[in-house]
Number of protein chains: 2
Amino acid sequence: MKRTHLFIVGVYLLSSCRAEEGLNFPTYDGKDRVVSLSEKNFKQVLKKYDLLCLYYHEPVSSDKIAQKQFQLKEIVLELVAQVLEHKAIGFVMVDAKKEAKLAKKLGFDEEGSLYILKGDRTIEFDGEFAADVLVEFLLDLIEDPVEILSSKLEVQAFERIEDQIKLIGFFKSEDSEYYKAFEEAAEHFQPYIKFFATFDKGVAKKLSLKMNEVDFYEPFMDEPIAIPNKPYTEEELVEFVKEHQRPTLRRLRPEEMFETWEDDLNGIHIVAFAEKSDPDGYEFLEILKQVARDNTDNPDLSILWIDPDDFPLLVAYWEKTFKIDLFRPQIGVVNVTDADSVWMEIPDDDDLPTAEELEDWIEDVLSGKINTEDDDNEDEGEDDDDDDDDDNSDEEDDSDDDNDE
Amino acid sequence: MKRTHLFIVGVYLLSSCRAEEGLNFPTYDGKDRVVSLSEKNFKQVLKKYDLLCLYYHEPVSSDKIAQKQFQLKEIVLELVAQVLEHKAIGFVMVDAKKEAKLAKKLGFDEEGSLYILKGDRTIEFDGEFAADVLVEFLLDLIEDPVEILSSKLEVQAFERIEDQIKLIGFFKSEDSEYYKAFEEAAEHFQPYIKFFATFDKGVAKKLSLKMNEVDFYEPFMDEPIAIPNKPYTEEELVEFVKEHQRPTLRRLRPEEMFETWEDDLNGIHIVAFAEKSDPDGYEFLEILKQVARDNTDNPDLSILWIDPDDFPLLVAYWEKTFKIDLFRPQIGVVNVTDADSVWMEIPDDDDLPTAEELEDWIEDVLSGKINTEDDDNEDEGEDDDDDDDDDNSDEEDDSDDDNDE
């Protein structure tokens, strides 16, 4: 970690000249907290922490850009390590070449990945590599895997969660063997999927839960599925969740965004942009939910909802890449290999498509009638109407493609 | 901006080795887009953009830490400028010493502040100095200042916004002079306060609005206040909002956090921590809302609600500074000068205080019976039970205080 000394920058800034106290953002203090892991120190390091966060990286190359990117990741990790210093979380780097044997033993296969060891579990972090996202992820991971509901207001809170998968079980007590199986199952999915339980008859009645029953809620669906054949073993619960993990409508979340994006269907995503806090966006999302509810049994359909508010830094990139205006709702098909896309024509945001119109459009996408390839000839002619060819360093490859034609 | 060349780092990282496209976070490309403003180029620069973003800074000192912090702000601004390159937003630096005359002309008074010029308005950004927060702020600022509601679903979206001040007016049409006054008033508060309007009788009826009436909604209150003496001039609307701008319960938001923190009452804030997405936090927030509704006429009461999920990087800092556990709901009094604090004893998060208990506690705070000074002698003894004196560079001053005793 010596290199970071030359590079003592904080990703977040201290507001240094304020007279008031109470909101001091941390700046990286320059101390080395992230250590290099080797077979030699592995056991000792592991013993020291409840949670071990490992950045598995390719050997640092002589390429300057690659070096810089590596240093930036180091700084993000150092800042996270500093912020979480008192939480018994360790941070280490694993060099893929030098520590190939150790990496193999740990089951690491994707260079550039961040893995977290918790007990005998390995969790992969596949989200936005930013300090705030990572801190929240790790804090969620040291909480209890199951949240207990014990009052009416807590049931209300539970019911309000609609944009992610949730499970809830009713058990006799914390000592119940079935609760223990449920808790073990929860650990497999922590912190991505939320597990709730109750030991309270009133709460169970409100949620129509029978003793030892676990209900599975798909995002945006009103009615849960009762997992069949209760009581369940840990394995049965895990298997059920894995089978139902891809919902009809899901929200892209910073903490798992890359994993979600990789989970495409036949190389494409149906992507809907809608800003929930905006009236038009809210309306569009309600229509999407209706479509999802009507088509929840279609295994070929998974719509990815992106709220631009969750990704301010990507808004301009998406507008440019997809050639759309994100101040208004949009739905389209994106090819995940090259980000080629086609978008539904929505002439006026005061006249959004109805659920039926959306379903027709989606049917055309699923049948291949609407696809990202058909319009490619037209597209090429339009490519030049932007004067922004050099504004985004991530797009260097695009110009190469153009030259091939 | 030459210095940034030596420092080509992106605050956010490119995920470089993925085979898929569509989620590329921008990295700073090293181009200089932020220029130094002087009296000479001022008019020319101003003419070029719809929005001009000015960082008003003290002269760069020879102090290394100050230099580094300045460079970091530069990089954040450069990245924001890059991301928003096609949005007609300009970014400049104003040196407080070299350009004292220009700064005076522009009415800048607080060094280290970020000002935005939009038409003849000057808006101060007083939020978290991070690229994502700043990008979202600027995007909100180039949207229309008034959002039009035209359907039932949009009314639902409007009604769901409860954690911030909102206004809604009913007007004949976009050409109405009263709508125009409303629009002008909205510009005074954009993007901090949301203004809505409708030209639709059905929507107006649903919201019990008469023609040319504007209703003001305090955060977390069910019933709005109809602004008296309609129709209103721009000035009357602005004055009313300014008078009612400090609500009984408000949420701390990254885009205005420092301004909110400075708006204390007699040097203190009543601060409540509650994670809305957590059942206990949700329950506590509901109780707080109850208290706020019962006491909305008390001008001495303003509770600041902080959702730890909005500030992952501050959680550990707050836990240490306030000596509390943020995995559970908390309410306390914080002295904003030194961050000294006392917290209500909540023995069990399954047994949260009732609204009445909270009101009694708040009454004791407002009467001075509970305050941050009384326990200071006990506190000193406890100060040493943490082994974490050196983990936070922001706290250097604390150790000096300890030495004085």
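Because the structure is a prediction, the values reported are computed rather than measured. Proteins come first, then strands; the chains are lettered A, B, ... in the order of their sequence lines, and each starts at number 1. We use all heavy atoms of the structure for the numbers below, so side chains are in, but hydrogens, waters and symmetry mates are not.
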query = Checking A:Val133 against chain B: side chain, backbone, both or neither under 4.5 Å from a heavy atom?
reply = neither
ask   = With only heavy atoms counted, which part of A:Leu252 is less than 4.5 Å from chain B, the side chain, the backbone, both or neither?
value = side chain
task = Identify which part of B:Ile306 has an atom lying under 4.5 Å from any heavy atom of chain A, answering side chain, backbone, both or neither.
result = neither
task = Please state whether the side chain, the backbone, both or neither of B:Ile161 comes within less than 4.5 Å of a heavy atom of chain A.
result = side chain
query = Given the options B:Pro312, B:Ser150, B:Ala66, which has more heavy-atom pairs under 4.5 Å with chain A than any of the others?
reply = B:Pro312
key: chain A interface, residue from B:Leu149, B:Asp278, B:Val334, B:Leu84 that has the most non-hydrogen pairs under 4.5 Å   = B:Asp278
query = Any side-chain heavy atom of B:Val315 within less than 4.5 Å of one from A:Val135?
reply = no
Side-chain donor-acceptor pair present, B:Ser151, A:Glu283, cut-off under 3.5 Å = yes
query = Of all heavy-atom pairs between A:Leu313 and B:Phe25, which one has the smallest distance, and what is that distance?
reply = CB-CD2, 4.5 Å
message = Can you give me the closest heavy-atom contact between A:Leu153 and B:Glu286, atom names plus distance?
response = CD2-CG, 3.7 Å
message = Test salt bridge (charged side-chain N to carboxylate O under 4.0 Å, His left out) on A:Glu319 and B:Lys87; report intermediate values, then the result.
response = CA-CA 11 Å; A:Glu319 288 192 330; B:Lys87 296 283 186 189; 2.7 Å; yes
Heavy-atom closest pair, residues B:Trp261 and A:Gly22 = CZ2-CA, 3.9 Å
key: Pairwise distance OG1(A:Thr321) to CG(B:Asn24) - rounded to 0.5 angstrom   = 7.0 Å
Straight-line distance of B:Glu275 CD to A:Asp140 CG, nearest 0.5 Å = 7.0 Å
request  = Over all heavy atoms of both residues, which pair between B:Glu147 and A:Asp280 is shortest? Give the atoms and the distance, please.
outcome  = OE2-OD2, 4.0 Å
request  = Against chain B, label A:Leu314 side chain, backbone, both or neither, depending on which of its atoms sit under 4.5 Å from a heavy atom there.
outcome  = side chain
task = Tell me, with the steps shown, if A:Tyr317 and B:Val83 meet side chain to side chain contact (heavy atoms under 4.5 Å, CB included).
result = CA-CA 7 Å; A:Tyr317 159 74; B:Val83 164; over 6 Å; no
inquiry  = If I compare all heavy atoms of A:Ala157 with all of B:Pro279, which pair ends up nearest, and what's the gap?
reply    = CB-CA, 3.8 Å
key: Distance-only polar pair, side chains of B:Tyr282 and A:Glu154, donor-acceptor under 3.5 Å   = no
ask   = So, B:Trp318 side chain and A:Leu23 main chain: donor-acceptor pair closer than 3.5 Å or not?
value = no
ask   = Would you say the side chain of B:Asp309 lies within less than 4.5 Å of the side chain of A:Glu136, judging by non-hydrogen atoms?
value = yes
inquiry  = At a 4.5 Å cut-off on heavy atoms, which part of A:Lys194 comes close to chain B: side chain, backbone, both, or neither?
reply    = side chain
Separation of B:Thr27 OG1 from A:Gln69 CD (nearest 0.5 Å) = 6.0 Å
query = Would you call A:Asp132 and B:Phe311 a side-chain contact if the rule is heavy atoms closer than 4.5 Å?
reply = no
